[in-house]
Asks: 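Please find one structure pasted underneath; my questions will follow.
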Amino acid sequence: MGSETGNEFPVLVRVTVAPWCHGWEMPRGGVDIVTVLDLSTNMQGERLELMKQAMMIVIDKLGPDEGLSIVSLQTHKRHLMELTYMSDKHGHGRDAARFKITQLKAPSGRFIGHNAIAALEEGAQILRNRGGEESSSRLGCMMLLSDGKYPEILHENISLEFPVHTFGLCADHNPKVMKYIADMTSGTYSFVDQDIRNIRDALALFITGLTSIVVSSITITLTAHKHITISSIESGNYIHHVKSNKTSGTIVIDHIYAGEQKDFIVNLIVGDGRMKLITISGQCKGFKWNKSFAEMDMSVRRPWLTRSLDDLTIQPDVAAELTRIRLQNGVLHMLKTEKMTTQGLQELWNMIKHSDEGRGAPEETLSGLDMDVVEMNREISGIPYTLSWLSCHMWQRSTTKGTPTRSKAFRTIGQYADEDINLVNLETFTRSKGIPSDDPCNKFPVLVRLTAAPRKQADEMLHAGVDVVFVLDASAGMHGEKLERMKEAVMIAIGKFRAEDRLSIVSFNTYENRLTRLTYMTDLGRDVARLKINKLVASGQGDIAAALREGAEVKSYT
């Protein structure tokens, strides 16, 4: 309202990078990766073979202008391969890396935190040794794969020069240590559950994103108008700054994947009657180009006398982001104060869901966060899932949280591209983790869950066309508003078909009438269908059975 002031008026700032599809040339810079492998005594047999397979995926996904080095936590000869371009020349690059991976063996003896720190320092030194031009124009990072504990690391100094993306393997790893390493170096933390076969999907998800970086940095500049001040900015792990007089601020986003979307909440203190809030501008830096954003003014209506429901209702995207941030910050606070309990988390989520923001958020947002809370409350996987969930949400970037099916949040379209096998996922869940041996159960329930790919993923896949026959009641009982409402609904449905889909329309009153044959829903086909619908007139008696037979006849002759 024009007569009111707002102390925490939220503005959502959204940055979206265009997606990349296979077949397009991606304008990106090279990436240099050092993989640090924990080849402990636990890494034997199937575990070691699966790690090798996962590393083969990494090697195959890297382009010829991307470098890979391999370091292990072995006490002797940590440096297994120099930083090498993954060229396809026979006997070089990719072939050399594959050979090194096939030769991996788990040594005897137990490693300690000092070994891990030394291996990470060696990885950092490899990246430091790159030439000046390479260092400035190419992203350098490390991947740490480990199933170890290493509590000593929490008291050690870690090089902060390069991001370390950590992958905890199975229940043996220490999630707090892995998350600590990732947080200290601006990396992400993922984990794989007891089925270590999922490490292949975890590394594929990560490396597909890493090799799709198309923007090296974006700086967003926020300038408040007169009598408006910036009270705070919610940007997760991304750097932000608010000037001391609170009249301006910046948000910096580095190394952005193709297809990524980043949302930030800017909280404003708004004086009475002020319509213009802030001006948004910025700079976008690619690997071979720079671009400035045109200035955009953000304004709101300020009604003085009457309250318009449309003007004052919370916008769904803003409500969704506020809901997500409140849960994220609440979980972070409980972990920091060591007050993370199942009951406390559920009470927090119930409070958020029933807040104004929660009630205004889309159902899709609430159901997704509902599932996250359930997973965080699981007895065994709770802590790793919670920490990886935080890493995912603080960076607004996909991480693996146990299994691929629980790791969909913030994925880009490109990160779905290689997952044809996961268009349909099959999972099983038992009622409990065990059954007392002295208490046989005659009806023990097992939940079998079949999940199809979400729409965002499915949109990039090949579709089979569908043939649909609309059978529409045009009898006298549909006269007036009923007929008009039916026409409106059918018009919406016609607009949803794809060009490869076909539609036939059958109406019925005293006689059934085939208005259109099966017609492809091209722009012309849709226009013809809409014309036929507009001409419908209600009259006579309805014969549903005859109309359905006519509809079946349409299908039988296709």
Side-chain angles (χ1 to χ4, degrees), residues 309-310 313 316 359-368 370-371 405 408 420 422-428 445-558:
L309 187 61
D310 289 339
T313 300
R359 287 193 295 267
E363 183 57 38
E364 182 183 1
T365 298
L366 297 178
S367 60
D370 253 328
M371 293 177 63
T405 54
K408 305 294 187 184
D420 291 349
N422 287 329
L423 281 175
V424 178
N425 289 298
L426 182 65
E427 298 176 277
T428 57
V446 175
L447 170 65
V448 179
R449 174 179 293 163
L450 193 67
T451 309
R455 179 176 177 178
K456 191 171 185 180
Q457 177 181 355
D459 281 347
E460 291 297 302
M461 306 301 172
L462 294 175
H463 295 275
V466 296
D467 293 336
V468 179
V469 179
F470 283 168
V471 180
L472 307 178
D473 185 350
S475 63
M478 292 292 290
H479 183 73
E481 186 179 6
K482 285 185 179 180
L483 183 64
E484 293 307 310
R485 292 287 177 266
M486 182 179 73
K487 288 182 179 182
E488 290 174 8
V490 173
M491 293 295 191
I492 292 172
I494 290 171
K496 296 289 186 181
F497 286 111
R498 303 181 303 269
E500 62 265 34
D501 302 324
R502 297 191 296 177
L503 174 66
S504 176
I505 303 171
V506 174
S507 69
F508 66 94
N509 38 43
T510 304
Y511 305 99
E512 67 279 3
N513 182 21
R514 189 184 303 183
L515 301 181
T516 66
R517 61 183 177 82
L518 272 176
T519 304
Y520 283 104
M521 288 294 96
T522 60
D523 290 341
L524 178 61
R526 275 195 285 266
D527 288 344
V528 171
R530 292 183 181 116
L531 180 64
K532 294 293 185 181
I533 294 300
N534 279 327
K535 288 184 175 181
L536 272 179
V537 177
S539 63
Q541 301 296 314
D543 187 345
I544 296 176
L548 290 173
R549 285 194 295 271
E550 179 69 15
E553 286 294 318
V554 173
K555 292 290 290 178
S556 66
Y557 286 110
T558 60

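Atoms considered below: every heavy atom in the structure, side chains included; atoms not considered: hydrogens, waters and symmetry mates. From a predicted model like this one, the values you see are computed outputs, not experimental measurements.
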Asks: State which residues pass salt bridge (charged side-chain N to carboxylate O under 4.0 Å, His left out) with Glu481; sequence neighbours excluded, sorted by chain then number.
Replies: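 Residues passing salt bridge (charged side-chain N to carboxylate O under 4.0 Å, His left out) with Glu481: Arg485.
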Asks: What distance separates Arg526 CZ from Ile494 CD1, expressed to the nearest 0.5 Å?
Replies: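 One finds 9.5 Å between CZ of Arg526 and CD1 of Ile494.
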Asks: Which pair of non-hydrogen atoms, one from Arg498 and one from Met521, has the smallest distance, and what is that distance?
Replies: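 Nearest heavy atoms, Arg498 then Met521: O-CB, 3.6 Å.
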Asks: Which atom pair, heavy atoms only, marks the closest approach of Lys487 to Leu536?
Replies: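 Smallest interatomic distance, heavy atoms only, reads NZ-O, 3.0 Å.
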Asks: Carefully, step by step, assess Phe497 and Val468 under the rule side-chain contact (heavy atoms from CB on, under 4.5 Å).
Replies: CA-CA 10 Å; Phe497 286 111; Val468 179; 3.8 Å; yes
Asks: Counting only heavy atoms not in Ile544, do more than 12 sit closer than 6.0 Å to its CD1 atom?
Replies: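 No, CD1 of Ile544 has 12 or fewer neighbouring heavy atoms, counting only those of other groups under 6.0 Å.
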Asks: Going by the rule salt bridge (charged side-chain N to carboxylate O under 4.0 Å, His left out), which residues pair with Arg517 if we only count those two or more places apart in sequence or in a different chain?
Replies: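 Salt bridge (charged side-chain N to carboxylate O under 4.0 Å, His left out) list for Arg517, sorted by chain: empty.
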Asks: Looking only at heavy atoms, what is the nearest atom pair of Met478 and Ala538, with distance?
Replies: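 Distance-wise, the nearest heavy atoms are C-CB, 3.9 Å.
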Asks: When rounded to the nearest 0.5 angstrom, what distance separates CE in Met491 from NZ in Lys496?
Replies: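 Separation between the atoms: 15.5 Å.
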Asks: Which distance, rounded to the nearest 0.5 Å, do you find between the CG of Leu518 and the CG of Asp501?
Replies: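 If I round to the nearest 0.5 Å, the distance is 11.0 Å.
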Asks: Any side-chain heavy atom of Glu488 sitting closer than 4.5 Å to one from Ile492?
Replies: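 SC-SC contact between Glu488 and Ile492 ruled out.
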Asks: Would you find a donor on one side and an acceptor on the other, under 3.5 Å apart, between the side chain of Thr516 and the backbone of Ile505?
Replies: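 Between the backbone of Ile505 and the side chain of Thr516 there is a qualifying donor-acceptor contact (under 3.5 Å).
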Asks: Take atom CD of Glu364 as the centre, draw a 6.0 Å sphere, and report whether it contains more than 12 heavy atoms from other residues, nucleotides or ligands.
Replies: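 Open: at most 12 neighbouring heavy atoms sit under 6.0 Å from CD of Glu364.
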Asks: Could you state the interatomic distance from CG (Leu472) to CZ (Phe508), rounded to the nearest 0.5 Å?
Replies: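 Leu472 atom CG to Phe508 atom CZ measures 8.0 Å (nearest 0.5 Å).
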Asks: Any idea which heavy atoms bring Pro362 and Pro316 closest together, and the distance?
Replies: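 Between these two residues, the closest heavy atoms are CD-O, 3.5 Å.
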Asks: So, taking the atom named CE in Met486 and the one named CD in Glu484, what distance separates them when rounded to the nearest 0.5 Å?
Replies: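 It is 9.0 Å, given to the nearest 0.5 Å.
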Asks: Rounded to the nearest 0.5 Å, how far apart are CG of Asp473 and CG of Asp543?
Replies: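 One finds 10.5 Å between CG of Asp473 and CG of Asp543.
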Asks: Which heavy-atom pair separates Ala529 from Leu503 by the least distance, and what is that distance?
Replies: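 Closest pair (atom of Ala529, atom of Leu503, distance): CB-CD2, 4.3 Å.
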